[in-house]
**Q** 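I have a structure here, written as structure tokens, and I will follow up with some questions on it.
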Amino acid sequence: MKKIYAIASAVALATAFSTTAQAGATLDSVKKKGFVQCGVSTGLAGFSSADDKGNWAGLDVDICRAVAAAVFGSADKVKYSPLTAKERFTALQSGEVDMLSRNTTWTLTRDTSLGLNFAGVNYYDGQGFLVAKDLGVKSALELDGASFCIQAGTTTELNLADYFRANKMSYTPITFDKSDETVKAFEAGRCDALTSDQSQLYALRIQLKDPGSAMVLPEVISKEPLGPVVAQGDDEWFNIVRWSLHAMLNAEELGVNSGNVAKMMESKDPNIRRLLGLEGIKGKGLGLQDGWAASIIKDVGNYSEAFERNVGMSSPLKIARGQNALWNKGGLQYAPPIR
Amino acid sequence: MADEQQQESTPAQAALWRRPAFRAVVFQALLVLALCMVGYYLFTNTLHNLEERGISTGFGFLSLEAGFGILQSLIEYSETHTYGRTFFVGLLNTILVSGLGIILATLIGFVMGVARLSRNWLIARIATVYIETFRNIPLLLQIMFWYFAVLQPLPRPKQSLSVGESFFLNNRGFYLPSPVLEEGFWLVMVAIAVAIVTVVVLARWAHRRQEATGQQFHTVYVSLGILIGLPLLAFLAMGMPLSWDYPALKGFNFKGGMVIIPELAALLMALSIYTGAFIAEAVRSGILAVSHGQTEAAYSLGLRPGVTLRLVIIPQALRVIIPQLTSQYLNLTKNSSLATAIGYPDLVAVFAGTTLNQTGQAVEVIAMTMAVYLTISLAISLFMNWYNKRKQLVER
Ligand SMILES: N[C@@H](CCC(=O)N[C@@H](CS)C(=O)NCC(=O)O)C(=O)O
């Protein structure tokens, strides 16, 4: 599969008559298609995973849904492309997907040399280690000489190498394409530890036959700001994706949620009125209908609702808000104002 | 009449552009030119499009530091080496698994192909079941099966199965002592080379003598004697210049010695068993293509069945088998790229996988990878064609 994306991208690039993405081109084509094609993971509980009926859900999926709600007024107008870490960037470069919302870390290299733009951060993460409890290890610094199951084409591969080099320890990487195999190999004892972004460790742990047999070590060895990505060159589309995320954050900050959004339409608070498209610039700047943010809140909810539903305390992952709390609640999530 | 005359004289007098040979050349030249122009257009257009989209181009990335580790490398490699180096690491791993796979699959295929024609009911049945089963299960499933079938029952490093504290088997691989060559080992190398040359010369001489006089020579035993004896002599003469590096458990894993990782073992097993089944069928059809009269003639000359198979049947069957063998070898090499599913670091996993993803230079990386497979395929085809020609020519 990955080869197919890479080859498709090469062919597309070779044959296309100068196909510079122009501002507005993506929005137009999305509107014409009638749905947003969104690149997600092949299955990562809490972030993007499909149930047996093929319905996708998760924190990353909610970003795709928010964009669809903003564009079409309905969050269901999304089609999903499950992508492994290796496939994801070529899929976006070749126009296979309109956007990527697949626990993808924002780095300088990716931002500058892949022809992509990161539209924001929907989850602040960091790399951690999952080990079997009976290994008897309490800290990552005790892992000298250990072997690690990791996923190919991730920042994980690079961070692991950095961390062990910096601490003058040796390690053996065993690199898989899909998270399923990574977990299976870890369970079969092929490696001493599984390493990935911490949030994903919690998600992968519940896939184990006996989740209680493994634990996440305290160390966090990297910064992993995860966020939605679009192809470079279409600023209008970039803005739509970026502000869909910001709308969810602003809604949380202003106390607007899917339950009270109808009532909030009568609010006198100018901030809320601008968010809901009742006054101010409304949808004009983004080229969308005025109620774009209200649609997002109605169909998807605000950031806090999405977080709690998918990865928070009311989900199997039970992740605390931590760094992902709003800026005024001791976290890092901060969205520019809508005005 | 007049017409006929004219026609007869045309070849000499016809205008240049009317001559078929000339026209053929012109049209071919035009075609090549057109292809070049299309190629050039595609090339520049790609570059232009990549640039427009802000995607890096060029081969400069090959000299950048890779920054990621690789499970198995036949050459020295660490994360401080370059992306260019990862290409060679992956390439060698691909060659390793395909090379070993081709040897094993050929052995399995010949044994099973002959076995399927065996007059012993049980042996023929076993071979049939093997061939029909493994040919019909998708290779990827077989790879996964062997991988987890190999991993699951093996103990953790601390509970390794061991033989004499020097061989260890656990779910991280099969560890064995690695030889450390010491000063003076060069003489042993020289002895091995000399022994090989001697054996080749000897075999030719014996063959020629047998053809001329009918006298047989015990080539096999004498060759074995030379191949083992000569290096051994050199080894003893230099005071046994060889020591062993034994693997030992240090912390989580074994260090030192050599290791055969489970990924290699599983992939090799899957590839050779799968391809072996196809080769077995090729061998069977090859043997069946040799008419039964040949066997009867050989028997009536008093040749034993084993000798008949080796000297009469197989050489003729090979003419049918070799072309099919070639395509199976090509398949095996290409199929080895399924390695990425179980984490064996072949060219596709390392270079067209991680390196492509970290640099994002899909066009360059895929072009290099395709060039490699093309080269390997052409090399195998050329070699097999040469071998085929040789086999066809020795008719007497
Ligand atoms: N955030 C990192 C890692 C992302 C990643 O791919 N993580 C794995 C966790 S093992 C994953 O999500 N796998 C799911 C899949 O393959 O679909 C990156 O952007 O490179």
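What you see is a predicted model; the values in this text were computed from it and never measured.
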**Q** Please report the shortest heavy-atom distance between B/Gly67 and A/Ala161, naming the atom on each side.
**A** O-CB, 3.3 Å

**Q** For B/Glu65, is it the side chain, the backbone, both, or neither that has a heavy atom closer than 4.5 Å to a heavy atom of chain A?
**A** side chain

**Q** At a 4.5 Å cut-off on heavy atoms, which part of B/Lys250 comes close to chain A: side chain, backbone, both, or neither?
**A** neither

**Q** Which atoms of A/Lys178 come close to chain B, meaning under 4.5 Å heavy atom to heavy atom: side chain ones, backbone ones, both, or neither?
**A** neither

**Q** For the CD1 atom of A/Ile150 and the CZ atom of B/Phe68, what is their distance to the nearest 0.5 Å?
**A** 9.5 Å

**Q** Check whether any side-chain heavy atom of A/Thr175 lies under 4.5 Å from a side-chain heavy atom of B/Glu263, and answer yes or no.
**A** no

**Q** How about B/Phe252 and A/Val137: do any of their side-chain heavy atoms sit closer than 4.5 Å?
**A** yes

**Q** Chain A heavy atoms under 4.5 Å from B/Ala367: which part of the residue, side chain, backbone, both or neither?
**A** neither

**Q** Supply the atom-to-atom distance A/Thr154 OG1 to B/Gln358 CD, rounded to the nearest 0.5 angstrom.
**A** 7.0 Å

**Q** Heavy-atom distances under 4.5 Å only: say whether B/Thr57 touches chain A with side chain, backbone, both or neither.
**A** neither

**Q** Looking only at heavy atoms, which two atoms of B/Phe148 and A/Ala188 are closest? And how far apart?
**A** CD2-CB, 4.5 Å

**Q** Can you name the residues of residues 207-218 of chain A that have some heavy atom under 4.5 Å away from a heavy atom in chain B?
**A** none

**Q** If you tally heavy-atom pairs under 4.5 Å against chain B, which of A/Ala185, A/Gly189, A/Ala152 wins?
**A** A/Gly189

**Q** Can you check whether B/Thr80 reaches A/Arg165 side chain to side chain, under 4.5 Å on heavy atoms?
**A** yes

**Q** What pairs of residues pass the salt bridge (charged side-chain N to carboxylate O under 4.0 Å, His left out) test when at least one of them lies in residues 128-145 of chain A, not counting sequence neighbours?
**A** none

**Q** Between CD1 of A/Ile174 and CZ of B/Arg172, what distance do you get to the nearest 0.5 Å?
**A** 7.0 Å

**Q** Pick from A/Asn159, A/Leu160, A/Leu135: which one has the most heavy-atom pairs with chain B under 4.5 Å?
**A** A/Leu135

**Q** Is there a side-chain contact between B/Glu79 and A/Tyr171 (heavy atoms, below 4.5 Å)?
**A** yes

**Q** Can you tell if the side chain of A/Glu157 reaches within under 4.5 Å of the side chain of B/Asn357, non-hydrogen atoms only?
**A** no

**Q** In terms of heavy-atom proximity below 4.5 Å to chain B, should A/Thr107 be classed as side chain, backbone, both, or neither?
**A** neither

**Q** Looking only at non-hydrogen atoms, find the nearest pair between A/Leu114 and B/Gly360 and report the distance.
**A** CD2-CA, 3.1 Å

**Q** Which value, rounded to the nearest 0.5 Å, describes the distance between B/Leu151 atom CG and A/Glu187 atom CD?
**A** 12.0 Å

**Q** Please indicate whether B/Phe88 has more than 12 foreign heavy atoms, meaning atoms of other residues, nucleotides or ligands, lying under 6.0 Å from its CZ.
**A** no

**Q** Taking side chain as everything from C-beta outward and backbone as N, CA, C, O, which of these in A/Cys149 sits under 4.5 Å from a heavy atom of chain B? Side chain, backbone, both or neither.
**A** neither

**Q** Taking the side chain from A/Ser113 and the backbone from B/Ser56, do they hold a donor-acceptor pair closer than 3.5 Å?
**A** no

**Q** Can you tell which part of A/Thr109 gets under 4.5 Å to a heavy atom of chain B, answering side chain, backbone, both or neither?
**A** side chain

**Q** Could you state the interatomic distance from OG1 (A/Thr172) to CD1 (B/Ile70), rounded to the nearest 0.5 Å?
**A** 13.0 Å

**Q** Taking C-beta and beyond as the side chain, do A/Arg190 and B/Leu154 meet within less than 4.5 Å on heavy atoms?
**A** no

**Q** Please say whether more than 12 non-hydrogen atoms of neighbouring residues, nucleotides or ligands are located less than 6.0 Å from CD in B/Gln159.
**A** yes

**Q** Where is the tightest heavy-atom contact between B/Thr340 and A/Asp177, given as atom of each residue plus distance?
**A** OG1-OD2, 2.5 Å

